[in-house]
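In the text below, chain A, chain B and the rest are named by the order of the sequence lines, each starting its count at 1. Given the structure is predicted, the values throughout are model-derived calculations rather than measurements.
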Number of protein chains: 2
Amino acid sequence: MRLLGNGQLSPDFDAECRGTREILNRVGDKWSVLLVVILGSGSQRFNELRRALDGISQRVLTSTLRGLERDGLVSRTVRPTNPPQVEYALTQLGTSLLEPVSVLATWAQGHRADVQRARAAYDRAAR
Amino acid sequence: MRLLGNGQLSPDFDAECRGTREILNRVGDKWSVLLVVILGSGSQRFNELRRALDGISQRVLTSTLRGLERDGLVSRTVRPTNPPQVEYALTQLGTSLLEPVSVLATWAQGHRADVQRARAAYDRAAR
DNA sequence: CTGCATCCGATGCGATACTG
DNA sequence: CAGTATCGCATCGGATGCAG
C-alpha cells in the first residue's frame, strides 16, 4: 500500500488496485463470502447450499457459484448419476481466502456495536 | 464462525452475519476502501481527495464520505473560512479498519495472478 | 471550495416458470 | 436434482447544472 508523501496515489498503486477491486467486488456481493465460509466446512451439493443459505434465489446461487468457480475459488464436480449430483467444494485458492475473510469478519463483529452507535448518533444529529 | 456439523448455519450465526454484511457492503463498494487507505496517510480536504481518487464523480465522493462518516469511520470538520475548507480524517475506528483491509489487499495482490489464470482457463473451456 | 438536485444507464438481486 | 430463461424492481454510479 504505497502512497506518495503528498497523499497522491503512486502510478502502479493504481494498477494494483484494479486487481484488488475485483476481489473486493467478490467480497462485497451479497452471498459469495458466506458461500466460501460454508464450503469451508466441507463440500456440499447445490440444494444443500440452497437450504444452508436460506433466502438466496436459485438463480443467484447459480451465478454466484459460477463466479466463484470462474475465479478458481470453488470447484464443481458432476457425478453422472440419475438424478444428477453436483458437488461444490473450495479449491486450495478458495481455502486460502478463508483466513483474510475471517480477519475482516472478526473486525466487523468486534466493531459492530461501535458502528451502530455511530450511525444512531449521526442520524440523530442529522435532522 | 460457527457452523453446525451438518453444514447448516446456526441460528445466531445468521444474526451476526447481518451485522457483518453491512461492513462487507462498505468494503465492496467502489471507493470506500480506497478512501480509507488514502486517508490512512493523513487527513485531506474534499478536492484533494477528489484529485487523489481520479475518476470518482463528486456526487459519489460526497455520498461515500457521508457513508463513512455515518459509520464513524471518518470525521468531517468544517473550518469557517471563506471559501470554506472541509477536512476529512480517519477516526480511531476508521484507523482500526486499516489492518483487516490490508490483510485482504495483501491476499488479493498475492493471488491476483492465480485468479486471472483461473478466469482465462474457465473462459477458454466455457465456449 | 464544497456541496445538493436531477436525470439516466448499468448492474444486482429476487420471483416465477420451465427443462434435461 | 440442478439448472436456464424471462421479468421487474431497486440500488449504484456517472454526468451535468446550480448554489451558499
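Listed by first and then second residue, the salt bridge (Lys or Arg N to Asp or Glu O under 4.0 Å) pairs that reach into residues 28-46 of chain B are B/Arg26-B/Asp29, sequence neighbours excluded. Within the structure, every pair that satisfies the salt bridge (Lys or Arg N to Asp or Glu O under 4.0 Å) test and touches residues 82-108 of chain B, not counting sequence neighbours, is listed here: B/Arg79-B/Glu87. For residues 39-96 of chain A, no residue pair satisfies the ring-ring contact (aromatic ring centres under 6.0 Å, His included) rule, not counting sequence neighbours.
Phosphate contact (OP1/OP2 of D/dG3, side-chain N/O of A/Arg76, threshold under 4.0 Å): present.
Nucleotides of DNA chain C lying under 4.0 Å from heavy atoms of chain A occupy a range whose first and last members, 5' to 3', are C/dC13 to C/dG20.
Residues satisfying the salt bridge (charged side-chain N to carboxylate O under 4.0 Å, His left out) test with A/Arg119, not counting sequence neighbours, are B/Glu22, B/Asp71. For B/Arg59, there are no salt bridge (charged side-chain N to carboxylate O under 4.0 Å, His left out) partners at least two apart in sequence or on another chain. Every residue was checked against the salt bridge (charged side-chain N to carboxylate O under 4.0 Å, His left out) condition with A/Arg50, not counting sequence neighbours, and none meets it. The side-chain contact (heavy atoms from CB on, under 4.5 Å) test applied to A/Thr91 returns A/Ser75, A/Leu93, not counting sequence neighbours. Partners of A/Trp107 according to the ring pair (Phe, Tyr, Trp, His ring centres under 6.0 Å) rule, which considers only residues two or more places apart in sequence or in another chain, are A/His111.
Rounded to whole angstrom, the span from the CZ atom of A/Arg50 across to the P atom of D/dA2 amounts to 11 Å. Straight-line distance from the CZ atom of A/Arg79 to the P atom of D/dG3: 13 Å, rounded to whole Å. For the pair B/Ile56 CD1 and D/dG13 C1', the computed distance is 9 Å after rounding to whole Å. The CG-C1' distance, from B/Leu61 to D/dG14, rounds to 13 Å in whole Å. The CG atom of B/Leu35 sits 12 Å away from the P atom of D/dG13 (whole-angstrom rounding). We find that CG of A/Asn25 is positioned 14 Å from P of D/dC12, with the value rounded to whole Å.
Residues of residues 62-74 of chain B that place a heavy atom closer than 4.0 Å to DNA chain D do not occur.
Two residues, A/Gln58 and A/Pro84, neighbour DNA chain C, and the one matched to the more 5' nucleotide by heavy-atom proximity is A/Gln58. In terms of position along DNA chain D, the nucleotide closest to A/Pro83 lies nearer the 5' end than the nucleotide closest to the other residue of the pair A/Pro83 and B/Trp31.
Nearest heavy-atom pair across B/Val37 and B/Leu98 is CA-CD1, 4.1 Å.
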What's the verdict on side chain to side chain contact (heavy atoms under 4.5 Å, CB included) for B/Ile56 and B/Leu49, showing C-alpha distance, side-chain angles and the deciding distance? CA-CA 9 Å; B/Ile56 193 173; B/Leu49 292 171; over 6 Å; no
Please test A/Val36 against A/Leu90 for side chain to side chain contact (heavy atoms under 4.5 Å, CB included), starting from the C-alpha separation and ending with a verdict. CA-CA 7 Å; A/Val36 167; A/Leu90 287 189; 4.1 Å; yes
Criterion side chain to side chain contact (heavy atoms under 4.5 Å, CB included) on A/Leu61 and A/Leu35, from CA distance to verdict: CA-CA 9 Å; A/Leu61 177 54; A/Leu35 215 31; 3.9 Å; yes
B/Arg117 vs B/Asp114, side chain to side chain contact (heavy atoms under 4.5 Å, CB included): CA-CA, chis, key distance, verdict: CA-CA 5 Å; B/Arg117 238 178 296 114; B/Asp114 296 317; 3.3 Å; yes
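When heavy atoms are screened at a 4.0 angstrom cut-off, A/Asn47 is found touching the sugar-phosphate backbone but no base atom. Residue contacts for A/Asn82: at a heavy-atom cut-off of 4.0 Å it reaches no nucleic acid atom on any strand shown.
Under 3.5 Å, the side chains of A/Asn25 and A/Arg21 contain a donor-acceptor pair of N or O atoms.
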Write down the protein N/O and nucleotide N/O pairs, taken from nucleotides 6-8 of chain D, whose separation is under 3.5 Å; answer none if there are no such pairs.
from	atom 1	to	atom 2	distance (Å)
D/dT6	O4	A/Arg59	NE	3.1

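Rounded to 10 degrees, the angle separating the terminal axes of the helix from C/dC1-D/dG20 to C/dG20-D/dC1 is 40°, with each axis obtained from five end pairs.
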